[in-house]
Amino acid sequence: MAAPPTWLTLDHVWLPYAQMADAALPLPVVSASGVRLRLADGREFIDGISSWWTACHGHSHPHIVGAIQQQAGRLSHVMFAGLAHEPAYRLAERLAAKLAGDLDHVFFSESGSVSVEIALKMALQYWRNRGEPQRRGILALRRGYHGDTFMTMAMTDPDVGMHDAFRGIVPPALLADLPRDQVSTMVLDFLLDREASELAAVIVEPLVQGAGGMRMHDAATLARLRDACDRHGLLLIADEIMTGFGRTGSLFACEQAGIVPDIVCLSKALSGGTLPLAATVAREHVFAAFLGSEFERALMHGPTFMANALACAAADASLDLFESEPRLAQVAAIEAQLARELEPCRAMPGVADVRVKGAIGVVELAAPAAGLRPAFVERGVWLRPFGNIVYVMPPFIIEAADLRALTSAVCEVVEHWSRNQRGAAGAGDVV
Ligand SMILES: *Cc1c(COP(=O)(O)O)cnc(C)c1O
């Protein structure tokens, strides 16, 4: 292993979710293409988690690179108030066409957390505009994660444990269990009967709760949640930031339950993992509540870099690829291979669960495990277990042999951990 490049020091850069007192130097990546990351010293890694769940087409896909280059030569960015550009307007039209029902009104921003903040603003102001300003509460689900900004921290289950330092600063959302069975459905109904007149919306990560532990629920559960919102007259916000764009097997997770949420949040894979971009998309009736002769009814939001032209051109190119290449079939093949190749972990002592949904494969350990990450680096794969979760979330273009390398690494590392574990071992790493 060569010495790290001279620019790589921690004198000035503050890393995410890291204790800087003893943070390891990150790996210096000089280029990436397809599923491979290349390091300064020539080593290569398979990106097994699509760089925080973004790079759905792999890295440096020529179609997206070309679109960004062309756009950069013409127009990188202009403010989005009073000025317009084709990539954003095209993208909005295409997203509206791909999303179910009358999810037709797209508000752009530049990160997932901000798109959730905007969704919450929309929900609260929707009720205010309709003469029910007392509806200010949001119901969120246990094990949910919705971002790191203040209101999104409030929507995140405190037990997910990423935001302990801010407990008491943001008022926590009302929390409920997903209506997975008859009892939890009754409990949810009871809660909504009591609280609905003060609630604006329910927020959910459809089918897979990501950073809260890669927990999966079935389409019927999601349909029951939609049904509960309808019966109690609440808006349903679907945070598809992780699940959107094919990850769970359909273009959007909500499709599998046949439901149309009132507001959808998109980000992560929206630009194919190339540039920061997010969108909050509202249905017709939500949008209509903001129309009127009084200016105060308008949505008061406008990020400086909203609808950045480069990011929108990248997202348009990403949608081209979903149309021209067999992404959903690739996800189905990944799902089958993950299910087959992770199955042996189930019998290992200390493994609590093995589960797969679309291009997400999870081995859940019975106890949090810190320190597994270096074992993956040694094996030439880029995986980042957190808490008690070891997971694989590859780019959809991954070939069977590379996916096999990822699943073999998971089985080996988990088996090694399984043989050597001595009771619970601390708190584990974070996302
Ligand atoms: C990543 C994520 C967010 C936050 O997005 P950022 O771009 O990191 O702000 C919100 N919700 C879900 C479900 C996510 O996976």
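Both ligands and their constituent atoms are indexed starting at 1 by order of listing. Both backbone and side-chain heavy atoms feed into the values below; hydrogens, waters and symmetry mates do not.
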Are the charged groups of Lys98 and Glu323 less than 4.0 angstrom apart, N to O? yes
Which class fits the ring pair Phe322 and Phe245: parallel under 30°, tilted 30 to 60°, perpendicular over 60°? tilted
Look at atom 7 (O) of ligand 1 and say which protein heavy atom is nearest, naming residue and atom and giving the distance to 0.1 Å. Gly112 N, 2.8 Å
Do Gln182 and Thr185 have side-chain N/O donor and acceptor atoms under 3.5 Å apart? no
Check ligand 1 against Glu205 and write out every atom of the ligand that is under 4.0 Å from a heavy-atom position of the residue. 13 (C)
Which atoms of ligand 1 have any heavy atom of Trp53 under 4.0 Å away? 15 (O)
Tell me the nearest of Gly244, Ser267, Ser113 to atom 4 (C) of ligand 1, using heavy-atom distances. Ser113
Minimum side-chain heavy-atom gap Glu198-Arg136 below 4.5 Å: no
Does the side chain of Arg327 pick up a donor-acceptor pair with the side chain of Gln330 at under 3.5 Å? yes
Check: Phe45 ring centre within less than 6.0 Å of Phe376 ring centre: no
Below 4.0 angstrom from a heavy atom of Asp239, which ligand 1 atoms are there? Numbered from 1 as shown, please. 10 (C), 11 (N), 12 (C), 13 (C)
Pull out every atom of ligand 1 sitting under 4.0 Å from any heavy atom of Met242, numbered as shown with elements. 15 (O)
If you count the atoms of ligand 1 from 1 in the order shown, which ones are under 4.0 Å from a heavy atom of His146? 10 (C), 11 (N)
Quick one: does Val114 get an N or O within less than 3.5 Å of an N or O on ligand 1? no
Taking atom types as modelled, is there a side-chain donor on Gln256 or Thr248 under 3.5 Å from an acceptor on the other? yes
Does any N/O atom on Lys268 come nearer than 3.5 Å to any N/O atom on ligand 1? yes
